[in-house]
S.K.: 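One structure follows; several queries about it will come next.
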Amino acid sequence: MKIYFSGSIRGGRIDADLYRDLITELKKYGQVLTEHVGSSALKEELSDREIHDRDIQWLHEADIVIAEVTTPSLGVGYEIAKAISFEKPVYCLYRENEETRVSAMIKGSPKVTCHSYNKFPEAREILCHIFGIRTRQ
Ligand SMILES: O=c1[nH]c(=O)n([C@H]2C[C@H](O)[C@@H](COP(=O)(O)O)O2)cc1CO
């Protein structure tokens, strides 16, 4: 199972540690193609074009896309739209808060399954549920 984890980079790194913890959890279910998204010392050596083309290739290869969308990010939104067009299953996790609301273009998409959570253990349960369901299919 190849997992594409999507999380904000240039949109803001406030949740980077959370992404790292989610990636650690996701590694129980398969190979995470985008482990760098959770790195606290993230420094891509590639050009923007190379990053784009690599990530699109990974999206093609992925069996599932999991995105943490609490921090709004153009790149994450773009990856979600691409994943939908590639007919990949897309799941978004987000924390409800008063400062940011998830875009209606994500929450309102019939092709995206969204789950809200408060603390990390709840996110872990959601992932368990998602992968429990998918491995039974
Ligand atoms: O350096 C990068 N490496 C990279 O893999 N990405 C991809 C993976 C993330 O899920 C997503 C983040 O987009 P953004 O940087 O617009 O927040 O884009 C994005 C960047 C920088 O835009």
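When a ligand or atom number is given, it counts from 1 through the structure's own listing order.
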S.K.: Return a yes/no value for Ile9: is any of its N or O atoms, backbone included, closer than 3.5 angstrom to an N or O of ligand 1?
M.R.: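 Yes, at least one N or O pair falls under 3.5 Å.
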
S.K.: Using a strict cut-off of 4.0 Å, indicate which atoms of ligand 1 neighbour a heavy atom of His36.
M.R.: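 It comes down to these atoms of ligand 1: 3 (N), 4 (C), 5 (O).
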
S.K.: Using a strict 4.0 Å cut-off to heavy atoms of Arg54, name the atoms of ligand 1 that fall inside it.
M.R.: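 The list of qualifying atoms is 3 (N), 4 (C), 5 (O).
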
S.K.: Could you check whether atom CZ of Arg101 has more than 12 heavy atoms from other residues, nucleotides or ligands sitting under 6.0 Å from it?
M.R.: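 It does not: Arg101 CZ has 12 such atoms or fewer within range.
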
S.K.: Which pairs with one or both residues in residues 99-128 pass ring-ring contact (aromatic ring centres under 6.0 Å, His included), sequence neighbours excluded?
M.R.: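 Non-adjacent pairs meeting ring-ring contact (aromatic ring centres under 6.0 Å, His included): zero.
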
S.K.: Could you go through the side chain to side chain contact (heavy atoms under 4.5 Å, CB included) check for Phe5 and Val65 one step at a time?
M.R.: CA-CA 6 Å; Phe5 177 80; Val65 174; over 6 Å; no

S.K.: Could you tell me, atom by atom, which parts of ligand 1 come under 4.0 Å of a heavy atom of Ser73?
M.R.: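 Those qualifying, in numeric order: 12 (C), 13 (O), 14 (P), 16 (O), 17 (O).
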
S.K.: Checking a contact table here: which protein heavy atom is nearest atom 1 (O) of ligand 1, and how many Å away?
M.R.: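 Looking only at protein heavy atoms, the one closest to atom 1 (O) of ligand 1 is Glu44 CG, 3.1 Å.
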
S.K.: Would you say the ring centers of His129 and Tyr91 fall short of 6.0 Å from each other?
M.R.: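 No, ring centres 6.0 Å or more apart.
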
S.K.: Identify, for atom 16 (O) of ligand 1, the protein heavy atom at the shortest distance, and state residue, atom and that distance.
M.R.: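 Atom 16 (O) of ligand 1 sits closest to the protein heavy atom Gly75 N, 2.9 Å.
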
S.K.: Which atoms of ligand 1 are found less than 4.0 Å from any heavy atom of Ser8?
M.R.: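 The atoms of ligand 1 under 4.0 Å from a heavy atom of Ser8 are 17 (O).
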
S.K.: Run the salt-bridge test on Arg20 and Asp15 with the 4.0 Å N-O cut-off and return the result as yes or no.
M.R.: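 Answer for the salt bridge query: no.
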
S.K.: Considering only heavy atoms of Ser6, which atoms of ligand 1 have at least one such atom less than 4.0 Å away?
M.R.: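 The atoms of ligand 1 under 4.0 Å from a heavy atom of Ser6 are 10 (O).
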
S.K.: Nearest to atom 11 (C) of ligand 1, what protein heavy atom do you find, and at what distance?
M.R.: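 In this structure, atom 11 (C) of ligand 1 has Glu79 OE2, 3.4 Å as its nearest protein heavy atom.
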
S.K.: Has ligand 1 got any nitrogen or oxygen that is less than 3.5 angstrom from a nitrogen or oxygen of Phe5?
M.R.: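 The answer is no, given that Phe5 and ligand 1 share no N or O pair closer than 3.5 Å.
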
S.K.: Tyr4 versus ligand 1: do any nitrogen or oxygen atoms come within less than 3.5 Å of each other?
M.R.: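 Looking only at distances, the answer is no, because the N/O contact criterion of under 3.5 Å is not met.
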
S.K.: Short N/O distance, under 3.5 Å, between Leu42 and ligand 1?
M.R.: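 N/O-N/O distance below 3.5 Å does not exist for this pair.
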
S.K.: Would you call Lys27 and Glu25 a salt bridge, taking side-chain N to carboxylate O under 4.0 Å as the test?
M.R.: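 So Lys27 does not pair with Glu25 through a salt bridge.
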
S.K.: Treating Ile, Leu, Val, Met, Phe, Trp and Tyr as nodes and any side-chain heavy-atom pair under 4.5 angstrom as an edge, say whether Val69 and Ile9 lie in one connected cluster.
M.R.: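 Val69 and Ile9: separate clusters.
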
S.K.: Inspect the contact between Lys111 and Glu87 and indicate whether a charged nitrogen and a carboxylate oxygen are less than 4.0 angstrom apart.
M.R.: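 A salt bridge is absent here (no side-chain N lies under 4.0 Å from a carboxylate O).
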
S.K.: Just need the protein heavy atom nearest to atom 21 (C) of ligand 1, so name the residue and atom and give the distance.
M.R.: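 Nearest protein contact, heavy atoms only, for atom 21 (C) of ligand 1 is Arg10 NE, 3.3 Å.
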
S.K.: Hey, quick one: are Met105 and Tyr94 part of the same hydrophobic cluster, counting side-chain heavy atoms closer than 4.5 Å, chains of contacts allowed?
M.R.: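 Different hydrophobic clusters.
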
S.K.: Measuring from atom NZ of Lys107 to atom OG1 of Thr113, what distance do you get when rounded to the nearest 0.5 angstrom?
M.R.: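 Rounded to the nearest 0.5 Å, the NZ-OG1 separation comes out at 13.5 Å.
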
S.K.: Is it true that Asp55 lies under 4.0 Å from ligand 1, counting heavy atoms only?
M.R.: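 Asp55: in contact with ligand 1 (<4.0 Å).
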
S.K.: Ignoring angles and geometry beyond distance, decide whether Gly7 reaches within less than 3.5 Å of ligand 1 through its nitrogen or oxygen atoms.
M.R.: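 Yes, there is a polar N/O contact under 3.5 Å.
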
